[in-house]
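Step one of this worksheet: look at the structure below.
For this chain, numbers begin at 1 and follow the sequence in order. This is a predicted model, so every value here is computed, not measured.
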Amino acid sequence: MSFGKKPPAAPQSSPTPMAPPAHTDAYGRRRIIPDEVWDGPHGQSLRAMGLSPDDESNLVPNEASIAARIEEGRARHEERNALAQRNIEARLAGAKVRPFFLIPDPCWNGATGVFLMTSLDLYPYDDWNVMYLAADERTALVADIAMHPNGNVPAFVEAAAKFMVRAQEQMSKALEAASISHDFAAYHTTRDDVQMRVKALAMQFSRTLIEAWEKNGPAGRSL
């Protein structure tokens with residue numbers, strides 16, 4: 001699985017709610033919620049939620065920051081891969097496992113990936129999106145680990161695509177409402193909810209793979 005293709009321009013549904021001030025960080029990212037909101041009564045509500053002007057969630061991702069996050073995630077992912085392989089070989093000599101990305105590849109290498117990374121701060125190599133599965137039938141049978149499907153699962157691709165359409169619509173409406181009312185606390189609540197539901201979808205896919213293996217054994221790889 002390969003991620004990190006140059007992302008397309010952010011969709012119109014993911015602009016900043018208001019024209020931000022000139023403040024930028026080391027990557028040249030601007031603040032989503034402008035200083036005048038933080039300095040007003042809504043700023044008190046945001047701080048009460050544990051937010052601050054320079055939180056990652058308040059910085060508009062750009063090509064440089066996205067590329068840096070993907071590379072950082074890739075490096076951690078390689079470390080986890082090595083650890084997972086050592087652990088399975090300690091249980092069974094010659095055993096092999098492979099990472100499986102729960103939110104499918106098509107969701108990351110396109111406009112939906114831009115949405116996930118820029119609007120929800122979710123990245124492909126994050127722990128929640130990776131599951132380790134048996135790379136061969138011997139490992140699967142002896143170690144009782146679900147077989148890797150050796151590619152995207154079509155049912156997952158379809159379900160994820162439908163989910164992302166609804167999620168983007170929900171975030172777009174929340175953003176529009178916040179730009180009018182300046183109630184960014186409500187926007188962040190919606191964002192947190194959508195973020196958690198993306199992770200819940202990944203967990204659902206994980207359970208589906210495990211249940212198919214438990215029910216069908218090697219035949220369970222054909223979902």
Side chain to side chain, Leu209 and Phe100, heavy atoms closer than 4.5 Å: yes
Any pair counted as salt bridge (Lys or Arg N to Asp or Glu O under 4.0 Å), so long as it reaches residues 149-170, sequence neighbours left out: Glu158-Lys162
Partner set under side chain to side chain donor-acceptor pair (under 3.5 Å) for Lys96, not counting sequence neighbours: Glu89
Non-hydrogen atoms of Thr112 and Met164 that approach each other most closely: CG2-CG, 3.4 Å
Distance (rounded to the nearest 0.5 Å) between Leu92 CG and Arg138 CZ: 4.0 Å
Ile145 side, atom CD1; Trp213 side, atom CH2 - distance, nearest 0.5 Å: 9.5 Å
Under 3.5 Å donor-acceptor, Asn152 side chain and Pro104 backbone: no
Residue pair Leu201, Phe205: steps toward the side chain to side chain contact (heavy atoms under 4.5 Å, CB included) verdict: CA-CA 6 Å; Leu201 181 66; Phe205 292 161; 3.7 Å; yes
Over all atoms of both residues, closest heavy-atom pair of Ala143 and Ile88: CB-CD1, 4.0 Å
N/O donor-acceptor pair under 3.5 Å between Asp126 side chain and Tyr123 backbone: yes
Side chain Tyr132, main chain Asn81, donor-acceptor under 3.5 Å: yes
Non-hydrogen side-chain atoms of Val130 and Tyr125 separated by less than 4.5 Å: no
Gap between atom CD of Gln170 and atom CG of Asp193 - 0.5 Å precision: 5.5 Å
Distance (rounded to the nearest 0.5 Å) between Arg91 CZ and Asp144 CG: 8.5 Å
Derivation and outcome, side chain to side chain contact (heavy atoms under 4.5 Å, CB included), residues Met117 and Trp108: CA-CA 9 Å; Met117 292 183 281; Trp108 295 105; 4.2 Å; yes
Spacing of Met203 atom CE and Met196 atom CE [to the nearest 0.5 Å]: 12.5 Å
Closest contact, heavy atoms only, Ala174 versus Thr190: CB-CG2, 3.8 Å
Main-chain N/O of Gln204 paired to Thr208 side chain as donor or acceptor, under 3.5 Å: yes
His77 to Pro99 - nearest heavy-atom pair and separation: CE1-CB, 3.7 Å
Glu78, CD: over 12 other non-hydrogen atoms inside 6.0 angstrom: yes
Side chain to side chain contact (heavy atoms under 4.5 Å, CB included) between Trp128 and Leu102, intermediate numbers included: CA-CA 8 Å; Trp128 62 268; Leu102 295 163; 5.9 Å; no
Short N-O contact, Arg80 and Asp127, less than 4.0 angstrom: yes
Nearest atoms (heavy-atom pairs only) where Met171 meets Ser119: CE-O, 4.1 Å
Point-to-point distance, once rounded to the nearest 0.5 Å, from CD of Glu176 to OG of Ser172: 6.5 Å
For Cys107 against Leu116, the heavy-atom pair lying closest together: O-CD1, 4.0 Å
Sub-4.5 Å side-chain heavy-atom contact between Leu133 and Pro149: yes
